[in-house]
Amino acid sequence: MTIIDTRVSDPKRLIAGVTGNWEVIIGIETHAQIISGSKLFSSAPTNFGAEPNANVSLIDAAMPGMLPALNIECVRQAIRTGLGLKAQINLRSSFDRKNYFYPDLPQGYQISQFWQPIVGEGKVTITLGPESGRQFEEIEIGIERLHLEQDAGKSMHDQHPFLSFVDLNRAGIALMEIVSKPDLRSAAEAKAYLSKLRTIVRYLETCDGNMDEGSMRADVNVSVRRPGESFGTRCEIKNINSIRFVGQAIDYEARRQIDILEAGGKIDQETRLFNAEKGATISMRLKEEVHDYRYFPDPDLLPFEFDQSFVDEIASNLPELPDDRKNRLIADMGLTIYDASVLIAEKETADYFEAVAKGRDKKTAANWVINDLLGALRRAGLGIKETPVTPEQLGAIIDLIKQEKISGRIAKDLFEIIWHEGGDPVAIVEQRGMKQITDSDTIEKVIDKVLAANSDKIVQTQGNPALSSWFVGQVMKATSGKANPQKVNAILKEKLLK
């Protein structure tokens, strides 16, 4: 990773130590598995969950005489991702051999791109909100490069008491390594960056972003320094497969380095692993330098070139990207930055919202999707793709509220019924007698009964107007929540004034 300091020390992002403040410097190398039917240099399939060593070709197994053949679809996917990162697309790039011993890398080297990557510098804009002590502050994080490389297999140490086994299904799978500049200054920023990166590749459909399946992993480089000083010695935390764990690893590692330096020690440049159970980073090995890998051009793969028209054709078919969609929801639909940011985080959520909002009040639709739907999904441990409430059903609930056929309280009950039982909201309201009471005479009669039963409290409202809300609650209770709240308030206010 090229170390270029592009940001000025920000007092809001400093970490307090015993002897003064420190600044944490973070850069992230993200390995994103390309969505492709076959591997980078072979025709072996890439489906997740296959039996061990079921997806292995002679090329993946490094049999003698087997030559790699570049998968052009992986090239297209890398270009699509580069365009989504607003990055420079290099019309000429090449592959190199990165030499190191790895028991699950049969070739004894990894085919990667070092000297001439397919994608150059770009940028990702992250948003930090109130949960990070910010007021929706936008920060631009630089992208150093994106290059193509093949993945290694997987060593399994839990299958036998004395032996280790190797599964080569992942060997040769196409990866995009997306290298950020060292622009990140906190765990919150790092988590926001990875979340945004995952959102972008999912919108582009170039990577599924499923970190629990290993299709997106992060290597995090962390160092600390006094504000205004040059970069400190960095440590790399390898293969973190959770955004939450990335935040925990950074917090621990920054504090570990600060404690060592304040005690008069020095930081060893090393590779570390994150132990999720202990919430700590653990030394793995001394950090390799570039010369340790002995990079040289791969003699089996010629440099590949394409013209600008190839890039332009790919660019013309890009979907609406997250930032563009957020800006549209704010400008055209009048949503707040918060609402728009939540809704565009997952493409399926944004699609769901727009289906609900079509022809309806946008803010009302956003409130129902964010608060009720996403809240219910979170409590149930489900994703938006698994929602039991369709956009049509939620839209019908909103329509019933607008038509004053049900109240907001009844709508909540109706949503629960739809969630657990399904069905047509309009039919359910009719069949179960859930219609709102809007007739003024009927509401007035209920109010009169409530006032007559609580005459002692009427006088108290003269000195305590807030007590009138108690009467509203009693009326709603008497009508099983079916009375129109606006009419209840209006009639009750008039009667209490008298």
Side-chain angles (χ1 to χ4, degrees), residues 325-326 328-344 346 348-379 384 387-447 468-469 471-494:
R325 195 166 199 175
K326 181 176 76 173
R328 177 170 61 82
L329 295 185
I330 293 170
D332 297 350
M333 298 192 179
L335 298 188
T336 64
I337 296 176
Y338 172 80
D339 288 349
S341 298
V342 171
L343 291 169
I344 64 95
E346 295 286 348
E348 292 80 7
T349 302
D351 292 342
Y352 186 105
F353 160 72
E354 294 213 48
V356 174
K358 188 173 183 180
R360 300 183 178 94
D361 180 75
K362 314 307 181 192
K363 179 59 179 175
T364 301
N367 286 341
W368 272 93
V369 172
I370 294 171
N371 299 324
D372 296 272
L373 180 74
L374 295 185
L377 290 171
R378 186 168 53 252
R379 290 189 295 273
I384 187 67
T387 175
V389 180
T390 67
E392 293 74 23
Q393 289 171 322
L394 185 54
I397 293 174
I398 295 173
D399 291 341
L400 289 167
I401 299 173
K402 183 179 181 181
Q403 296 161 6
E404 297 189 348
K405 291 183 178 179
I406 61 174
S407 64
R409 176 174 169 179
I410 295 173
K412 304 287 185 184
D413 295 336
L414 181 57
F415 179 86
E416 288 297 316
I417 293 171
I418 300 298
W419 177 275
H420 294 290
E421 304 175 23
D424 176 17
V426 176
I428 290 172
V429 167
E430 290 288 345
Q431 294 164 3
R432 305 197 184 189
M434 299 175 71
K435 272 191 175 181
Q436 182 175 225
I437 300 172
T438 57
D439 178 66
S440 298
D441 290 339
T442 303
I443 293 174
E444 186 172 5
K445 288 176 182 178
V446 176
I447 290 175
S468 62
S469 62
F471 283 104
V472 173
Q474 295 302 303
V475 173
M476 297 305 292
K477 183 178 179 181
T479 60
S480 300
K482 294 180 182 178
N484 182 290
Q486 290 77 24
K487 291 192 175 182
V488 170
N489 273 290
I491 297 171
L492 189 58
K493 181 179 180 181
E494 183 180 345

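Inter-residue side-chain proximity for Asp372 and Leu394 is flagged as unmet; no heavy-atom pair is nearer than 4.5 Å. The shortest side-chain heavy-atom distance between Asp413 and Met434 falls under the 4.5 Å cut-off.
Arg432 CZ to Ile410 CD1: the interatomic distance, rounded to the nearest 0.5 Å, is 13.5 Å. Expressed to the nearest 0.5 Å, how far CD1 of Ile397 lies from CD1 of Ile406 amounts to 6.5 Å. Once rounded to the nearest 0.5 Å, the distance linking CG of Leu335 with NZ of Lys363 reads 7.0 Å. With rounding to the nearest 0.5 Å, the separation of OH in Tyr338 from CG in Leu343 is 9.5 Å. A distance of 6.0 Å separates CD1 in Ile398 from CZ in Arg360, rounded to the nearest 0.5 Å. Taken from CD in Gln403 to NZ in Lys435, the straight-line distance is 10.0 Å, to the nearest 0.5 Å.
Considering all non-hydrogen atoms of both residues, Lys326 and Ser341 come closest at CD-OG, 3.5 Å. When all heavy atoms of Asp339 and Ala366 are compared, the closest pair comes out as OD2-CB, 4.2 Å. Here the shortest heavy-atom pairing between Gly423 and Ile418 reads O-CD1, 3.5 Å. Here the closest non-hydrogen pair linking Val342 and Ile370 is CG1-CG1, 4.1 Å. Shortest non-hydrogen contact noted between Ile491 and Ser440 is CD1-O, 3.9 Å. Scanning all heavy atoms of the two residues, the minimum distance from Thr349 to Val369 falls at CG2-CG1, 4.4 Å.
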Side-chain atoms of residues 350-359: list all donor-acceptor pairs with protein atoms under 3.5 Å, sequence neighbours left out, distances to 0.1 Å.
{"residue": "Asp351", "atom": "OD1", "partner": "Arg325", "partner atom": "NH1", "Å": "3.0"}
{"residue": "Asp351", "atom": "OD1", "partner": "Arg325", "partner atom": "NH2", "Å": "2.7"}
{"residue": "Asp351", "atom": "OD2", "partner": "Lys347", "partner atom": "NZ", "Å": "3.1"}
{"residue": "Tyr352", "atom": "OH", "partner": "Val389", "partner atom": "O", "Å": "2.8"}
{"residue": "Tyr352", "atom": "OH", "partner": "Thr390", "partner atom": "O", "Å": "3.2"}
{"residue": "Glu354", "atom": "OE1", "partner": "Arg328", "partner atom": "NH1", "Å": "3.2"}
{"residue": "Glu354", "atom": "OE2", "partner": "Arg325", "partner atom": "NE", "Å": "3.1"}
{"residue": "Glu354", "atom": "OE2", "partner": "Arg325", "partner atom": "NH2", "Å": "3.0"}
{"residue": "Glu354", "atom": "OE2", "partner": "Arg328", "partner atom": "NH2", "Å": "2.6"}

Check your understanding: After noting the C-alpha distance and the side-chain angles of Asp332 and Lys362, does the key distance pass the salt bridge (charged side-chain N to carboxylate O under 4.0 Å, His left out) rule?
Key -> CA-CA 10 Å; Asp332 297 350; Lys362 314 307 181 192; over 6 Å; no
